Amino acid sequence: MSHVKPGPKPTVADSFNDDEPLSSEAVEVLDAAPAPPAELEGQLSPEEAEEARKAYLLKRFWMSARGFWGHHGDRLAWVCSIGLLVLIGMNVGFQYGINVWNREIFDAIEQRNASNVYFLGALFPPLVLGSVGLVTLQVFIRMMMQRRWRSWLTKALIARWLANGRYYQLNLIGGDHQNPEARMSEDMRIATESPVDFVAGVIAAFLSASTFIVVLWTIGGALSLPIGGVTITIPGFLVAAAVVYAIITSSSIAFIGRNFVKVSEVKNQVEAEFRYSLTRVRENGESIALLGGEEEERSDLDKTFRNVRQQWRLLAHQYMRTTLVSHGSMLVAPVVPVLLCAPKFLDGSMSLGQVMQAASAFTIVQSAFGWLVDNYPRLADWNACARRVASLMMSIDGLQRAEDSETFGRIKRGEAEGGAMLTLNELSVSLGDGTAVVKETQVEIEPGERVLVAGESGSGKSTLVRAIAGLWPWGDGSVNFRADSRLFMLPQRPYIPSGTLRRAVAYPHGADAWDEEQIGTALDKVGLGHLKEKIEDEAPWDHTLSGGEKQRLAFARLLLHDPDIVVLDEATSALDEKSQDAIMETVIRELPKVTIVSVGHRAELEAFHSRKITLERRDGGARLVSDIELSPRKRKRHVLTRLLDPSRK
């Protein structure tokens, strides 16, 4: 029932702006992910099943992520990709130019050729400026591409997460999707930034290696070594040395860092659990403080943080081992070509400039070959983050398959017949695992009726009203509404968004949906007139308002939205009896035609309802055992097509 205001039409000035809505077609493409292969749950050992699951998670991530370059992807995706490739190639060209300059300047110095030294000195600044400019532009394009990719994929995932109440339903089912906020923020950032860095790094490394291997082959030529009276000639000895050196360093890092992915994945998981624990303490701070539970919370946080420290210790060991190889390689690489070229320089077959050019080229080749050495930790971190994002995607996939499949028990929602405002037809409500909570409820509610749902605690009253509101999807039967009717739900704990009081009252509509006078009038009617002067104030209203004030504010929302049906789930539980009576009288007076379905334990609520239905907990699910009139109404007698026999099990 919230309004979505269309944004302004994109202009040429928006070409580099990634703050634009995602098309519905793009979301549909992301929705089309197939179910995981059957072998994930087949006859595999636990270790094999886990490896298959991890492999599928990466595949699942790419199923959605590659849509960025698809038909419904970002309009600048290919522009950024091609532009980045061109800039990488041009930068390698400048590297080659500086490498040649390096040879010429040292040859000129060796020959004491002052004019060449001055000329080359004047040539160096343009080369540096050109290379710096290209690298700067490359960083801009690369980061813009990362930003747009993250924005596109995050918007798509959030759209799926929010659709059909899935963000709520994920709390009701099992699966690896805990802390979705961390998966859609930090994990998503790493999962979209790192691949761009990796691809750009691999391409740059390949072009650099290809270019400077030719340089090494051309400069170094063959090396002849007299061994035991026999002369052994090694063609392209500098290239051979570079390859052997790279094999040694790469194989060393692969062996030393073989557990890096696993350690990094576990580290990310425990970090997310620690953040979640801290968030729970903050969100429940009042209850913890009133109960004096600080010591217990500190003990639990210490236990969680010990896991974080342990994983960081393991990760530090991995970093130490990889640093041993990478730093050693960095120190040795520049020296190796100088030592290899020394014999040729000493016998006069190689100039000083060629030696320095070879040393520079050798270092660049080693840097290219050693790309894995330098980026293996980031690759491991990306692997872990991509899997966590994909785990959330898979859980949402499961909910969507349940929505689309006829094999899962889902409550249907349709249009009521015969002038009724709301009908429950053979409605059964169950848990995600099939356990029945409410069984075969059949009720018809006419426009303007005020129905109180009663029953002992645990009989399924709140679950029933959540099913009516569409928040609880599992079960059987149907919930039907009159065509074009608008539903509004008031939970026991109202949600208070951040921002101004105006926004809090207008929610879920925009803050400007009503003017200040209308909002002030609504606050007056629910007993919050003392807040009228603060309508435009930004404050932590969720923490500032008391429980009773929050419930009053929710009723102010109700008056402003003027729905056809309102569902009250213990919506007056924080109010005293007198305040509850005043609020209910206000609702009936201001919204005389509204249909009310409410859950409450107080007997005083019966005075404000025209009808009462009672649920009783039974084996196999709660059942409707009575449906009585509380006050006379001039209306067509309601139809109860099946009032279940209390003795029926």
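Reckoned from all heavy atoms, side chains included, excluding hydrogens, waters and symmetry mates. Here, residue 1 is the first one in the sequence, and each next residue gets the next number. Please read these numbers as outputs of a predicted model, since none were measured by experiment.
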Is there side-chain contact between [X] and [Y], with heavy atoms separated by less than 4.5 Å?
X	Y	result
Trp149	Asp74	no
Val308	Glu273	no
Ser151	Lys155	yes
Ile411	Leu427	yes
Arg413	Asn480	no
Glu297	Glu294	no
Arg148	Arg75	yes
Phe555	Leu560	no

### Query
Checking ring pair (Phe, Tyr, Trp, His ring centres under 6.0 Å) for the pair His177/Trp161: CA distance, chi angles, key distance, verdict?
CA-CA 11 Å; His177 52 255; Trp161 181 59; over 10 Å; no
Could you tell me if [Y] and [X] have a donor-acceptor pair between their side chains, going purely by distance under 3.5 Å?
X	Y	value
Ser579	Asp576	yes
Gln492	Ser573	yes
Gln400	Arg160	yes

### Task
Please assess Leu157 against Val389 for the test side-chain contact (heavy atoms from CB on, under 4.5 Å), listing each intermediate value before the final yes or no.
CA-CA 9 Å; Leu157 185 55; Val389 174; 4.3 Å; yes
Is the shortest distance from a Lys or Arg side-chain nitrogen in [X] or [Y] to a carboxylate oxygen in the other one below 4.0 Å?
X	Y	result
Arg502	Asp537	no
Asp542	Lys550	yes
Lys593	Asp564	no
Glu295	Arg298	yes
Arg150	Glu193	no
Glu590	Lys525	yes

For the student: nearest non-hydrogen atoms of [X] and [Y], plus distance:
X	Y	answer
Ala386	Leu58	CB-CD2, 4.0 Å
Ser277	Leu301	CB-CD2, 3.6 Å
Leu452	Gly600	CD1-N, 4.0 Å
Lys267	Asp381	NZ-OD1, 4.0 Å
Arg557	Phe488	CB-CZ, 4.0 Å
Thr304	Phe274	CG2-CA, 3.6 Å

For the atom pair [atom1] ([X]) and [atom2] ([Y]), what is the distance rounded to the nearest 0.5 Å?
X	Y	atom1	atom2	result
Met421	Ile565	CE	CD1	5.5 Å
Asp569	Leu490	CG	CG	9.5 Å
Tyr56	Ser391	OH	OG	11.0 Å
Leu464	Leu424	CG	CG	6.0 Å
Leu559	Asp524	CG	CG	11.5 Å
Leu422	Leu487	CG	CG	8.5 Å

Looking at [Y], is its backbone amide N or carbonyl O close enough to the side chain of [X] to form a donor-acceptor pair, meaning the two atoms are under 3.5 Å apart?
X	Y	answer
Arg552	Ile583	no
Glu549	Ser546	yes
Thr521	Glu517	yes
Arg183	Arg388	yes
Thr572	Leu575	no
Thr595	Gly448	yes
Arg503	Glu536	no
His72	Gly67	no
Ser485	Arg482	yes

Decide if atom [atom1] of [X] counts as having more than 12 heavy atoms of other residues, nucleotides or ligands within a radius under 6.0 Å.
X	atom1	answer
Trp69	CH2	yes
Tyr168	OH	yes
Glu296	CD	no
Asp484	CG	no
His71	NE2	no
Arg280	CZ	no

### Task
Show the numbers, then the answer: is there a side-chain contact (heavy atoms from CB on, under 4.5 Å) between Ile445 and Phe481?
CA-CA 10 Å; Ile445 300 174; Phe481 298 90; over 6 Å; no
### Query
Checking side-chain hydrogen bond (donor to acceptor under 3.5 Å, both in side chains) for the pair Arg60/Ser64: CA distance, chi angles, key distance, verdict?
CA-CA 7 Å; Arg60 175 63 189 88; Ser64 294; 2.7 Å; yes
### Message
Does Val566 form a side-chain contact (heavy atoms from CB on, under 4.5 Å) with Val587? I'd like the steps, not just the answer.
### Response
CA-CA 10 Å; Val566 58; Val587 171; 5.6 Å; no
### Task
Would you please classify the geometry between the Trp152 ring and the Phe68 ring as parallel, tilted or perpendicular, with 30° and 60° separating the classes?
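Ring orientation, 0 to 90° scale: perpendicular.
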### Query
Can you say whether the rings of Phe198 and Trp382 are parallel (under 30°), tilted (30 to 60°) or perpendicular (over 60°)?
perpendicular
### Task
Please test Leu392 against Leu170 for side-chain contact (heavy atoms from CB on, under 4.5 Å), starting from the C-alpha separation and ending with a verdict.
CA-CA 9 Å; Leu392 177 59; Leu170 285 174; 3.9 Å; yes
### Query
What's the verdict on side-chain hydrogen bond (donor to acceptor under 3.5 Å, both in side chains) for Gln551 and Arg493, showing C-alpha distance, side-chain angles and the deciding distance?
CA-CA 7 Å; Gln551 290 191 338; Arg493 297 177 58 187; over 6 Å; no
